[in-house]
Peer 1: 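The following block contains the structure, expressed as C-alpha coordinates.
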Amino acid sequence: MAASMLRRVSVCASRFSLGTLRIQAGFLHGNTGNEFRSAYSLEKIYPNSSFNYGSRAVGGGQQTDSDIPVDRLTITYCRSSGPGGQNVNKVNTKAEVRFHIQTADWIPEDVRQKIISQHTNRINRSGELIVTSEVSRYQMRNLSDCLQKIRDMIAAASVKHKQPSQEDVALRRYR
Amino acid sequence: MSVPKNTGGKGLDLLRNLPRISLANLRPNPGAKKAEKRRGRGAHGGSRSGRGHKGQRQRGNRPRLGFEGGQTPFYLVIPKYGYNEGHSRKPQYQPLSLNRLQYLIDLGRIDPTQPIDLTQLVNGRGVTVQPLKRDYGVQLVEEGADTFCAKVNIEVQMASECAIAAIEKNGGIITTGFYDPRSLSLLCKPVPFFMRGQPIPKRMLPGEDLVPYYTDSKNRGYLSDPAKIQQARLELARKYGYVLPDVTKDELFHMLTTRKDPRQIFFGLAPGWVVNMAEKKILKPTDEKLLSYYSS
(Lines give C-alpha, C1' and ligand atoms only; values in the text may rest on other atoms or scores of the structure.)
Protein backbone atom coordinates (compact mmCIF):
# COMPACT_ATOMS: atom_id res chain seq x y z
CA MET A 1 0.00 0.00 0.00
CA ALA A 2 2.80 2.36 0.82
CA ALA A 3 4.51 1.48 -2.43
CA SER A 4 1.47 2.39 -4.50
CA MET A 5 1.08 5.65 -2.62
CA LEU A 6 4.66 6.61 -3.33
CA ARG A 7 4.24 5.87 -7.04
CA ARG A 8 5.46 9.26 -8.20
CA VAL A 9 8.36 9.41 -5.80
CA SER A 10 11.37 11.62 -6.20
CA VAL A 11 14.56 9.87 -5.30
CA CYS A 12 17.14 12.18 -3.95
CA ALA A 13 20.47 11.34 -2.47
CA SER A 14 21.01 13.34 0.64
CA ARG A 15 23.37 13.21 3.56
CA PHE A 16 22.22 12.02 6.95
CA SER A 17 24.53 13.87 9.24
CA LEU A 18 23.55 17.13 10.83
CA GLY A 19 26.96 18.52 10.01
CA THR A 20 25.65 20.61 7.14
CA LEU A 21 23.22 23.04 8.75
CA ARG A 22 22.44 25.74 6.28
CA ILE A 23 22.65 29.28 7.59
CA GLN A 24 19.11 30.59 7.60
CA ALA A 25 18.59 34.20 6.70
CA GLY A 26 15.71 35.79 8.57
CA PHE A 27 15.67 33.56 11.63
CA LEU A 28 12.36 34.16 13.29
CA HIS A 29 10.85 31.10 14.89
CA GLY A 30 13.83 28.83 15.19
CA ASN A 31 15.17 26.50 12.57
CA THR A 32 14.22 22.85 12.27
CA GLY A 33 17.22 21.97 10.18
CA ASN A 34 15.24 21.34 7.03
CA GLU A 35 12.61 24.07 6.76
CA PHE A 36 9.77 21.70 7.60
CA ARG A 37 6.76 23.63 8.86
CA SER A 38 3.63 21.80 9.91
CA ALA A 39 0.22 23.30 10.67
CA TYR A 40 1.21 23.45 14.31
CA SER A 41 4.54 25.18 13.86
CA LEU A 42 5.09 28.15 16.15
CA GLU A 43 4.78 30.58 13.24
CA LYS A 44 1.20 29.46 12.67
CA ILE A 45 0.13 29.22 16.31
CA TYR A 46 1.75 32.52 17.33
CA PRO A 47 2.00 34.55 14.13
CA ASN A 48 3.26 37.80 15.64
CA SER A 49 5.64 36.32 18.13
CA SER A 50 9.34 35.76 17.68
CA PHE A 51 12.20 34.45 19.74
CA ASN A 52 14.45 36.84 21.57
CA TYR A 53 17.49 35.36 23.17
CA GLY A 54 19.22 38.55 24.22
CA SER A 55 19.99 39.35 27.81
CA ARG A 56 17.39 42.10 28.06
CA ALA A 57 13.62 42.22 27.75
CA VAL A 58 12.08 43.41 24.50
CA GLY A 59 10.90 46.75 25.84
CA GLY A 60 14.13 47.56 27.62
CA GLY A 61 14.92 46.85 31.27
CA GLN A 62 11.59 47.44 32.97
CA GLN A 63 12.28 45.58 36.15
CA THR A 64 15.27 47.57 37.37
CA ASP A 65 13.33 48.84 40.36
CA SER A 66 12.44 45.51 41.87
CA ASP A 67 15.64 43.92 40.69
CA ILE A 68 18.55 43.33 42.99
CA PRO A 69 21.88 44.12 41.32
CA VAL A 70 23.64 40.87 41.95
CA ASP A 71 27.05 42.28 41.09
CA ARG A 72 26.74 44.75 43.98
CA LEU A 73 26.33 41.91 46.46
CA THR A 74 29.03 39.75 47.97
CA ILE A 75 28.01 36.12 47.73
CA THR A 76 29.90 33.40 49.56
CA TYR A 77 29.20 29.74 50.08
CA CYS A 78 30.18 27.66 53.05
CA ARG A 79 29.26 24.39 54.61
CA SER A 80 25.84 23.98 56.14
CA SER A 81 25.02 22.75 59.58
CA GLY A 82 22.94 19.78 60.64
CA PRO A 83 23.07 16.06 59.93
CA GLY A 84 24.11 14.61 56.62
CA GLY A 85 27.39 12.77 57.04
CA GLN A 86 30.06 13.15 54.42
CA ASN A 87 27.86 15.17 52.11
CA VAL A 88 27.12 17.94 54.56
CA ASN A 89 30.75 17.96 55.71
CA LYS A 90 32.20 18.47 52.28
CA VAL A 91 29.68 20.24 50.10
CA ASN A 92 29.36 24.03 50.29
CA THR A 93 25.67 24.68 50.14
CA LYS A 94 25.05 27.44 52.66
CA ALA A 95 24.73 30.72 50.82
CA GLU A 96 25.59 34.02 52.46
CA VAL A 97 24.84 37.38 50.86
CA ARG A 98 26.36 40.61 52.14
CA PHE A 99 26.09 44.18 50.96
CA HIS A 100 26.88 47.52 52.45
CA ILE A 101 23.50 48.91 53.35
CA GLN A 102 24.41 52.60 53.53
CA THR A 103 25.81 52.76 50.04
CA ALA A 104 23.07 50.60 48.54
CA ASP A 105 21.56 53.31 46.31
CA TRP A 106 19.36 50.76 44.55
CA ILE A 107 17.14 50.92 47.65
CA PRO A 108 15.30 54.21 48.24
CA GLU A 109 16.70 56.26 51.16
CA ASP A 110 13.72 56.03 53.49
CA VAL A 111 13.36 52.30 52.90
CA ARG A 112 17.04 51.90 53.65
CA GLN A 113 16.71 53.67 56.98
CA LYS A 114 13.68 51.57 57.84
CA ILE A 115 15.62 48.39 57.07
CA ILE A 116 18.52 49.52 59.24
CA SER A 117 16.18 50.18 62.12
CA GLN A 118 14.24 46.93 61.70
CA HIS A 119 17.17 44.61 61.13
CA THR A 120 19.99 45.99 63.28
CA ASN A 121 20.81 42.47 64.36
CA ARG A 122 21.73 41.50 60.81
CA ILE A 123 24.12 44.40 60.28
CA ASN A 124 27.72 43.91 61.32
CA ARG A 125 30.22 46.44 62.57
CA SER A 126 31.37 47.45 59.10
CA GLY A 127 27.80 48.25 58.14
CA GLU A 128 27.07 45.23 55.96
CA LEU A 129 23.67 43.58 55.96
CA ILE A 130 24.13 39.82 56.09
CA VAL A 131 21.51 37.32 54.95
CA THR A 132 22.12 33.59 55.02
CA SER A 133 20.19 30.57 53.92
CA GLU A 134 20.81 26.84 54.22
CA VAL A 135 17.27 25.66 53.61
CA SER A 136 18.00 23.37 50.64
CA ARG A 137 20.70 21.07 49.32
CA TYR A 138 21.54 23.30 46.40
CA GLN A 139 23.58 26.51 46.36
CA MET A 140 21.32 27.95 43.68
CA ARG A 141 18.20 27.40 45.74
CA ASN A 142 19.79 28.84 48.85
CA LEU A 143 20.93 31.88 46.92
CA SER A 144 17.46 32.43 45.56
CA ASP A 145 16.12 32.08 49.09
CA CYS A 146 18.56 34.79 50.30
CA LEU A 147 17.48 37.12 47.49
CA GLN A 148 13.85 36.48 48.31
CA LYS A 149 14.52 37.34 51.95
CA ILE A 150 16.14 40.62 50.88
CA ARG A 151 13.15 41.39 48.67
CA ASP A 152 10.81 40.65 51.55
CA MET A 153 12.79 42.96 53.82
CA ILE A 154 12.58 45.76 51.28
CA ALA A 155 8.88 45.14 50.77
CA ALA A 156 8.19 45.15 54.51
CA ALA A 157 10.14 48.38 54.92
CA SER A 158 8.35 50.05 52.01
CA VAL A 159 4.92 49.63 53.54
CA LYS A 160 3.42 53.07 54.11
CA HIS A 161 0.53 53.31 56.48
CA LYS A 162 -2.25 55.38 55.10
CA GLN A 163 -2.55 58.64 56.98
CA PRO A 164 -6.19 59.29 57.90
CA SER A 165 -7.52 62.29 56.00
CA GLN A 166 -8.91 65.35 57.73
CA GLU A 167 -12.45 64.12 57.20
CA ASP A 168 -11.69 60.78 58.82
CA VAL A 169 -10.07 62.49 61.82
CA ALA A 170 -13.07 64.76 62.26
CA LEU A 171 -15.48 61.83 61.99
CA ARG A 172 -13.53 59.87 64.55
CA ARG A 173 -13.52 62.75 66.98
CA TYR A 174 -17.27 63.18 66.45
CA ARG A 175 -17.87 59.58 67.23
CA MET B 1 30.96 8.35 -3.38
CA SER B 2 29.60 6.67 -6.54
CA VAL B 3 25.90 6.12 -7.04
CA PRO B 4 25.22 2.53 -8.25
CA LYS B 5 24.33 2.50 -11.92
CA ASN B 6 21.58 -0.05 -11.59
CA THR B 7 19.02 -0.15 -8.80
CA GLY B 8 19.06 -3.52 -7.09
CA GLY B 9 22.81 -3.74 -7.65
CA LYS B 10 24.67 -6.90 -6.81
CA GLY B 11 21.53 -8.89 -6.13
CA LEU B 12 20.23 -8.54 -9.67
CA ASP B 13 23.64 -9.39 -11.15
CA LEU B 14 23.76 -12.60 -9.17
CA LEU B 15 20.25 -13.51 -10.27
CA ARG B 16 21.22 -13.12 -13.91
CA ASN B 17 24.35 -15.28 -13.72
CA LEU B 18 23.51 -18.08 -11.28
CA PRO B 19 21.43 -21.19 -12.19
CA ARG B 20 17.70 -21.29 -11.52
CA ILE B 21 16.81 -21.39 -7.85
CA SER B 22 15.08 -24.59 -6.78
CA LEU B 23 14.71 -26.55 -3.59
CA ALA B 24 17.85 -28.48 -4.55
CA ASN B 25 20.16 -25.47 -4.29
CA LEU B 26 18.70 -23.76 -1.20
CA ARG B 27 20.08 -24.21 2.29
CA PRO B 28 19.85 -22.18 5.54
CA ASN B 29 22.97 -20.43 6.86
CA PRO B 30 25.08 -22.60 9.19
CA GLY B 31 23.97 -21.99 12.76
CA ALA B 32 20.63 -20.48 11.77
CA LYS B 33 18.55 -23.55 12.61
CA LYS B 34 19.17 -25.13 15.98
CA ALA B 35 17.58 -28.58 16.48
CA GLU B 36 14.94 -28.49 19.23
CA LYS B 37 15.14 -30.65 22.33
CA ARG B 38 12.38 -33.22 21.93
CA ARG B 39 11.05 -34.26 25.34
CA GLY B 40 10.45 -37.92 26.04
CA ARG B 41 12.91 -39.22 23.42
CA GLY B 42 16.41 -40.59 23.92
CA ALA B 43 18.87 -40.36 26.78
CA HIS B 44 18.67 -36.60 27.29
CA GLY B 45 15.04 -35.85 26.54
CA GLY B 46 13.59 -39.14 27.90
CA SER B 47 13.36 -40.69 31.38
CA ARG B 48 11.66 -37.93 33.44
CA SER B 49 11.39 -35.56 30.42
CA GLY B 50 12.70 -32.48 32.30
CA ARG B 51 9.91 -32.60 34.93
CA GLY B 52 11.96 -33.50 38.05
CA HIS B 53 11.28 -36.24 40.63
CA LYS B 54 7.74 -37.12 41.84
CA GLY B 55 5.44 -34.63 43.55
CA GLN B 56 3.24 -31.88 42.17
CA ARG B 57 5.99 -30.75 39.83
CA GLN B 58 6.28 -34.02 37.96
CA ARG B 59 2.54 -34.71 38.10
CA GLY B 60 1.61 -31.28 36.72
CA ASN B 61 -0.50 -30.21 39.74
CA ARG B 62 1.23 -27.05 40.93
CA PRO B 63 -0.98 -24.26 42.31
CA ARG B 64 -1.61 -20.94 40.54
CA LEU B 65 0.94 -18.12 40.28
CA GLY B 66 1.12 -16.10 43.49
CA PHE B 67 -0.13 -18.86 45.79
CA GLU B 68 2.00 -19.06 48.95
CA GLY B 69 0.90 -22.38 50.38
CA GLY B 70 -2.12 -20.93 52.21
CA GLN B 71 -0.42 -17.88 53.67
CA THR B 72 -2.20 -14.74 52.48
CA PRO B 73 -0.30 -13.99 49.30
CA PHE B 74 1.58 -10.72 48.82
CA TYR B 75 -0.79 -9.41 46.17
CA LEU B 76 -3.73 -9.75 48.62
CA VAL B 77 -1.96 -8.56 51.78
CA ILE B 78 -1.32 -5.11 50.37
CA PRO B 79 -4.55 -3.08 50.62
CA LYS B 80 -5.90 -1.23 47.65
CA TYR B 81 -5.75 2.56 47.96
CA GLY B 82 -6.82 5.48 45.85
CA TYR B 83 -3.39 6.90 45.15
CA ASN B 84 -2.35 3.61 43.59
CA GLU B 85 -5.26 3.54 41.22
CA GLY B 86 -4.16 3.26 37.61
CA HIS B 87 -0.52 3.04 38.70
CA SER B 88 0.36 0.84 35.76
CA ARG B 89 -1.04 3.40 33.34
CA LYS B 90 0.51 6.55 34.71
CA PRO B 91 3.13 8.16 32.48
CA GLN B 92 6.66 7.83 33.81
CA TYR B 93 9.63 10.02 33.08
CA GLN B 94 13.14 8.65 33.54
CA PRO B 95 15.13 11.14 35.63
CA LEU B 96 18.33 12.59 34.22
CA SER B 97 20.36 14.55 36.73
CA LEU B 98 22.60 17.44 35.74
CA ASN B 99 25.41 15.50 37.42
CA ARG B 100 24.92 12.69 34.94
CA LEU B 101 24.63 15.05 32.00
CA GLN B 102 27.87 16.76 32.95
CA TYR B 103 29.53 13.37 33.37
CA LEU B 104 28.40 12.27 29.91
CA ILE B 105 29.60 15.48 28.31
CA ASP B 106 32.95 15.30 30.08
CA LEU B 107 33.50 11.75 28.96
CA GLY B 108 32.64 12.67 25.40
CA ARG B 109 29.60 10.41 25.18
CA ILE B 110 27.38 13.37 24.39
CA ASP B 111 28.42 16.11 22.01
CA PRO B 112 27.50 19.57 23.35
CA THR B 113 28.21 21.17 19.96
CA GLN B 114 25.09 19.51 18.51
CA PRO B 115 21.52 19.77 19.81
CA ILE B 116 20.98 17.18 22.53
CA ASP B 117 17.96 15.04 21.98
CA LEU B 118 16.65 11.86 23.54
CA THR B 119 18.26 10.02 20.61
CA GLN B 120 21.66 11.47 21.53
CA LEU B 121 21.15 10.52 25.16
CA VAL B 122 20.25 6.95 24.27
CA ASN B 123 23.10 6.67 21.77
CA GLY B 124 25.52 7.80 24.45
CA ARG B 125 23.96 5.27 26.79
CA GLY B 126 23.14 8.08 29.17
CA VAL B 127 19.57 7.02 29.95
CA THR B 128 17.54 3.90 29.35
CA VAL B 129 14.00 4.62 28.29
CA GLN B 130 11.39 1.88 27.91
CA PRO B 131 8.52 3.22 25.80
CA LEU B 132 6.60 -0.02 26.28
CA LYS B 133 6.61 0.39 30.06
CA ARG B 134 4.66 3.64 30.03
CA ASP B 135 7.83 5.76 29.88
CA TYR B 136 7.01 9.03 28.17
CA GLY B 137 10.56 10.29 28.09
CA VAL B 138 13.17 11.90 30.27
CA GLN B 139 12.89 14.53 32.99
CA LEU B 140 15.73 16.83 33.89
CA VAL B 141 16.42 16.86 37.62
CA GLU B 142 18.45 19.47 39.46
CA GLU B 143 20.84 17.14 41.28
CA GLY B 144 24.24 18.59 40.38
CA ALA B 145 22.96 22.06 39.49
CA ASP B 146 25.75 23.72 41.43
CA THR B 147 28.59 22.10 39.50
CA PHE B 148 26.96 22.09 36.07
CA CYS B 149 29.00 24.12 33.58
CA ALA B 150 28.14 23.03 30.05
CA LYS B 151 26.51 25.14 27.37
CA VAL B 152 24.01 22.90 25.61
CA ASN B 153 20.86 22.99 23.55
CA ILE B 154 18.85 20.23 25.17
CA GLU B 155 15.37 18.90 24.61
CA VAL B 156 13.74 16.83 27.34
CA GLN B 157 10.17 15.91 28.17
CA MET B 158 9.98 17.54 31.61
CA ALA B 159 12.30 19.74 33.58
CA SER B 160 12.31 21.20 37.05
CA GLU B 161 12.68 24.94 37.51
CA CYS B 162 16.11 24.77 39.13
CA ALA B 163 17.37 22.54 36.31
CA ILE B 164 16.12 25.05 33.72
CA ALA B 165 17.89 27.81 35.65
CA ALA B 166 21.13 25.86 35.77
CA ILE B 167 21.10 25.25 32.01
CA GLU B 168 20.27 28.85 31.13
CA LYS B 169 22.80 30.21 33.58
CA ASN B 170 25.53 28.58 31.52
CA GLY B 171 24.25 30.06 28.30
CA GLY B 172 22.33 27.03 27.10
CA ILE B 173 18.81 26.56 25.80
CA ILE B 174 16.34 24.05 27.16
CA THR B 175 13.03 23.02 25.63
CA THR B 176 10.44 20.54 26.84
CA GLY B 177 8.68 18.56 24.14
CA PHE B 178 6.03 15.86 24.08
CA TYR B 179 6.43 12.51 22.32
CA ASP B 180 3.59 10.06 22.07
CA PRO B 181 4.61 6.43 22.76
CA ARG B 182 5.08 5.51 19.09
CA SER B 183 7.21 8.57 18.38
CA LEU B 184 9.16 7.93 21.54
CA SER B 185 10.09 4.40 20.50
CA LEU B 186 11.13 5.78 17.11
CA LEU B 187 13.24 8.39 18.80
CA CYS B 188 14.96 5.85 21.04
CA LYS B 189 15.62 3.31 18.28
CA PRO B 190 15.70 5.13 14.95
CA VAL B 191 17.78 2.63 12.96
CA PRO B 192 15.45 -0.40 13.39
CA PHE B 193 12.61 1.87 12.31
CA PHE B 194 14.46 3.05 9.20
CA MET B 195 15.15 -0.58 8.30
CA ARG B 196 11.41 -1.20 8.19
CA GLY B 197 10.96 1.09 5.23
CA GLN B 198 7.92 2.85 6.63
CA PRO B 199 7.43 6.59 6.20
CA ILE B 200 8.29 8.68 9.25
CA PRO B 201 5.03 9.39 11.08
CA LYS B 202 4.14 12.80 12.41
CA ARG B 203 4.47 13.37 16.14
CA MET B 204 1.14 13.53 17.92
CA LEU B 205 0.20 16.53 20.03
CA PRO B 206 -0.08 16.18 23.81
CA GLY B 207 -3.32 15.06 25.46
CA GLU B 208 -5.63 17.38 27.28
CA ASP B 209 -3.86 17.00 30.62
CA LEU B 210 -0.45 17.88 29.29
CA VAL B 211 -1.38 20.78 27.02
CA PRO B 212 -1.19 23.33 29.88
CA TYR B 213 2.28 22.06 30.72
CA TYR B 214 3.64 22.34 27.19
CA THR B 215 2.03 25.68 26.42
CA ASP B 216 3.53 27.29 29.51
CA SER B 217 6.67 29.31 28.92
CA LYS B 218 7.80 28.71 32.51
CA ASN B 219 8.37 25.08 31.59
CA ARG B 220 9.93 26.15 28.26
CA GLY B 221 7.23 24.15 26.53
CA TYR B 222 7.61 23.58 22.81
CA LEU B 223 4.11 24.93 22.20
CA SER B 224 4.53 28.04 24.31
CA ASP B 225 4.63 31.61 23.05
CA PRO B 226 8.18 32.50 21.97
CA ALA B 227 7.85 36.06 23.21
CA LYS B 228 6.96 34.90 26.70
CA ILE B 229 9.94 32.60 26.91
CA GLN B 230 12.38 35.50 27.12
CA GLN B 231 10.25 36.98 29.91
CA ALA B 232 10.38 33.68 31.75
CA ARG B 233 14.15 33.49 31.27
CA LEU B 234 14.61 36.93 32.76
CA GLU B 235 12.37 36.13 35.70
CA LEU B 236 14.28 32.99 36.44
CA ALA B 237 17.58 34.89 36.26
CA ARG B 238 16.16 37.42 38.70
CA LYS B 239 14.97 34.71 41.04
CA TYR B 240 18.18 32.74 41.12
CA GLY B 241 20.47 35.74 41.07
CA TYR B 242 22.57 35.27 37.93
CA VAL B 243 23.12 37.41 34.87
CA LEU B 244 21.28 35.97 31.87
CA PRO B 245 23.89 35.38 29.17
CA ASP B 246 23.23 36.79 25.73
CA VAL B 247 22.80 33.82 23.42
CA THR B 248 22.71 36.00 20.29
CA LYS B 249 26.39 36.88 20.76
CA ASP B 250 27.39 33.24 20.92
CA GLU B 251 29.32 31.61 18.09
CA LEU B 252 27.06 28.55 18.37
CA PHE B 253 23.92 30.67 18.16
CA HIS B 254 22.56 28.79 15.16
CA MET B 255 23.00 25.42 16.80
CA LEU B 256 21.58 26.62 20.13
CA THR B 257 18.42 27.97 18.56
CA THR B 258 17.69 24.83 16.54
CA ARG B 259 14.29 23.57 17.51
CA LYS B 260 12.07 20.83 16.20
CA ASP B 261 8.72 21.54 14.64
CA PRO B 262 5.92 20.22 16.89
CA ARG B 263 5.14 17.50 14.32
CA GLN B 264 8.74 16.54 13.69
CA ILE B 265 10.40 13.56 15.35
CA PHE B 266 13.96 13.70 14.02
CA PHE B 267 16.16 16.69 13.38
CA GLY B 268 16.63 17.14 9.68
CA LEU B 269 13.91 14.67 8.68
CA ALA B 270 10.30 15.54 8.03
CA PRO B 271 7.23 13.32 8.49
CA GLY B 272 6.38 11.35 5.37
CA TRP B 273 9.95 10.71 4.30
CA VAL B 274 11.18 7.15 3.86
CA VAL B 275 14.79 6.52 4.76
CA ASN B 276 16.61 3.82 2.79
CA MET B 277 19.55 2.79 4.95
CA ALA B 278 20.94 0.23 2.52
CA GLU B 279 21.33 2.67 -0.34
CA LYS B 280 21.66 5.81 1.81
CA LYS B 281 18.79 7.60 0.16
CA ILE B 282 15.72 9.45 1.33
CA LEU B 283 12.44 9.17 -0.52
CA LYS B 284 10.07 12.08 -0.22
CA PRO B 285 6.38 11.99 -1.18
CA THR B 286 5.17 14.22 -4.01
CA ASP B 287 1.45 13.43 -4.01
CA GLU B 288 -0.58 16.45 -2.81
CA LYS B 289 -2.79 14.47 -0.49
CA LEU B 290 0.23 12.96 1.20
CA LEU B 291 1.97 16.30 1.48
CA SER B 292 -1.09 17.95 2.96
CA TYR B 293 -1.55 15.06 5.40
CA TYR B 294 2.04 15.10 6.59
CA SER B 295 2.17 18.84 7.04
CA SER B 296 -1.15 19.07 8.86
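As the structure is a prediction and not an experimental result, all values here were calculated from the model. Every chain is numbered from 1 and lettered A, B, ... according to where its sequence line falls, protein lines coming before strand lines.
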Peer 1: Report yes or no: is the cationic atom of B:Arg203 (NZ for Lys, CZ for Arg) under 6.0 Å from the centre of the six-membered ring of B:Phe178, at an angle within 45° of the ring normal?
Peer 2: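 No.
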
Peer 1: State whether a side-chain donor-acceptor pair under 3.5 Å links B:Glu155 with B:Thr175.
Peer 2: no

Peer 1: Got a sec, which residues hit salt bridge (Lys or Arg N to Asp or Glu O under 4.0 Å) with B:Arg233, two or more places apart in sequence or on another chain?
Peer 2: B:Glu168

Peer 1: Who among B:Val247, B:Ile173, B:Asp246 has the most heavy-atom pairs with chain A under 4.5 Å?
Peer 2: B:Asp246

Peer 1: Identify the heavy atoms of B:Phe267 and B:Thr258 that sit nearest to each other, and give their distance.
Peer 2: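 B:Phe267 and B:Thr258 have their closest heavy atoms at CE2-CG2, 3.7 Å.
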
Peer 1: Could you list which of residues 167-175 of chain A have a heavy atom closer than 4.5 Å to any heavy atom of chain B, in residue-number order?
Peer 2: none

Peer 1: Which atoms of B:Glu142 come close to chain A, meaning under 4.5 Å heavy atom to heavy atom: side chain ones, backbone ones, both, or neither?
Peer 2: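 B:Glu142 touches chain A through backbone and side-chain heavy atoms alike.
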
Peer 1: Looking at CG of B:Leu210 and OH of B:Tyr136, how far apart are the two atoms once the value is rounded to the nearest 0.5 Å?
Peer 2: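 Atom-to-atom, B:Leu210:CG and B:Tyr136:OH are 8.5 Å apart.
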
Peer 1: Is A:Gln148 close to chain B through its backbone or its side chain, or both, or neither, when contacts mean heavy atoms under 4.5 Å?
Peer 2: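 Answer is neither: A:Gln148 stays 4.5 Å or more from chain B.
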
Peer 1: Using 0.5 Å steps for rounding, measure from the CE atom of B:Met204 to the OG atom of B:Ser183.
Peer 2: 7.0 Å

Peer 1: Please determine, among B:Leu244, B:Val243, B:Asp146, the option with the most heavy-atom pairs under 4.5 Å with chain A.
Peer 2: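 The answer is B:Asp146.
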
Peer 1: Going by the angle between their ring planes, with limits at 30° and 60°, are A:Tyr53 and B:Phe253 parallel, tilted or perpendicular?
Peer 2: perpendicular

Peer 1: Do you know which of B:Asp250, B:Leu205, B:Ile229, B:Leu256 has the most heavy-atom pairs under 4.5 Å to chain A?
Peer 2: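 Looking at each option in turn, the highest pair count goes to B:Leu205.
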
Peer 1: Heavy-atom cut-off 4.5 Å, strictly under: side chain, backbone, both or neither for B:Lys202 against chain A?
Peer 2: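 Neither part, no heavy atoms under 4.5 Å.
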
Peer 1: With a 4.5 Å cut-off on heavy-atom pairs, point out which of B:Pro245, B:Cys162, B:Ala145 contacts chain A the most.
Peer 2: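 The option with the most such pairs is B:Cys162.
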
Peer 1: With a 4.5 angstrom heavy-atom cut-off, could you sort out which part of B:Leu223 is near chain A: side chain, backbone, both or neither?
Peer 2: both

Peer 1: Sort B:Ala237 into side chain, backbone, both or neither according to what part of it lies under 4.5 angstrom from a heavy atom of chain A.
Peer 2: neither

Peer 1: Within the structure provided, determine whether A:Thr93 and A:Ser136 are in side-chain contact (heavy-atom separation under 4.5 Å).
Peer 2: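 No, too far: nothing below the 4.5 Å cut-off.
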
Peer 1: Do the side chain of B:Arg109 and the main chain of B:Gly126 share a donor and acceptor less than 3.5 angstrom apart?
Peer 2: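 Checked: no pair found.
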
Peer 1: Would you give the length of the straight line joining atom CD1 of B:Ile110 to atom OG1 of B:Thr113, rounded to the nearest 0.5 angstrom?
Peer 2: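 Atom-to-atom, B:Ile110:CD1 and B:Thr113:OG1 are 11.5 Å apart.
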
Peer 1: With ring centroids as reference points, do A:Trp106 and A:Phe99 lie under 6.0 angstrom apart?
Peer 2: yes

Peer 1: Go through B:Pro271, B:Ala165, B:Gly144 and name the one with the most non-hydrogen pairs under 4.5 angstrom from chain A.
Peer 2: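 Of the candidates given, the most pairs with chain A belong to B:Pro271.
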
Peer 1: Please state whether the side chain, the backbone, both or neither of B:Glu143 comes within less than 4.5 Å of a heavy atom of chain A.
Peer 2: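 Both parts, backbone and side chain.
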
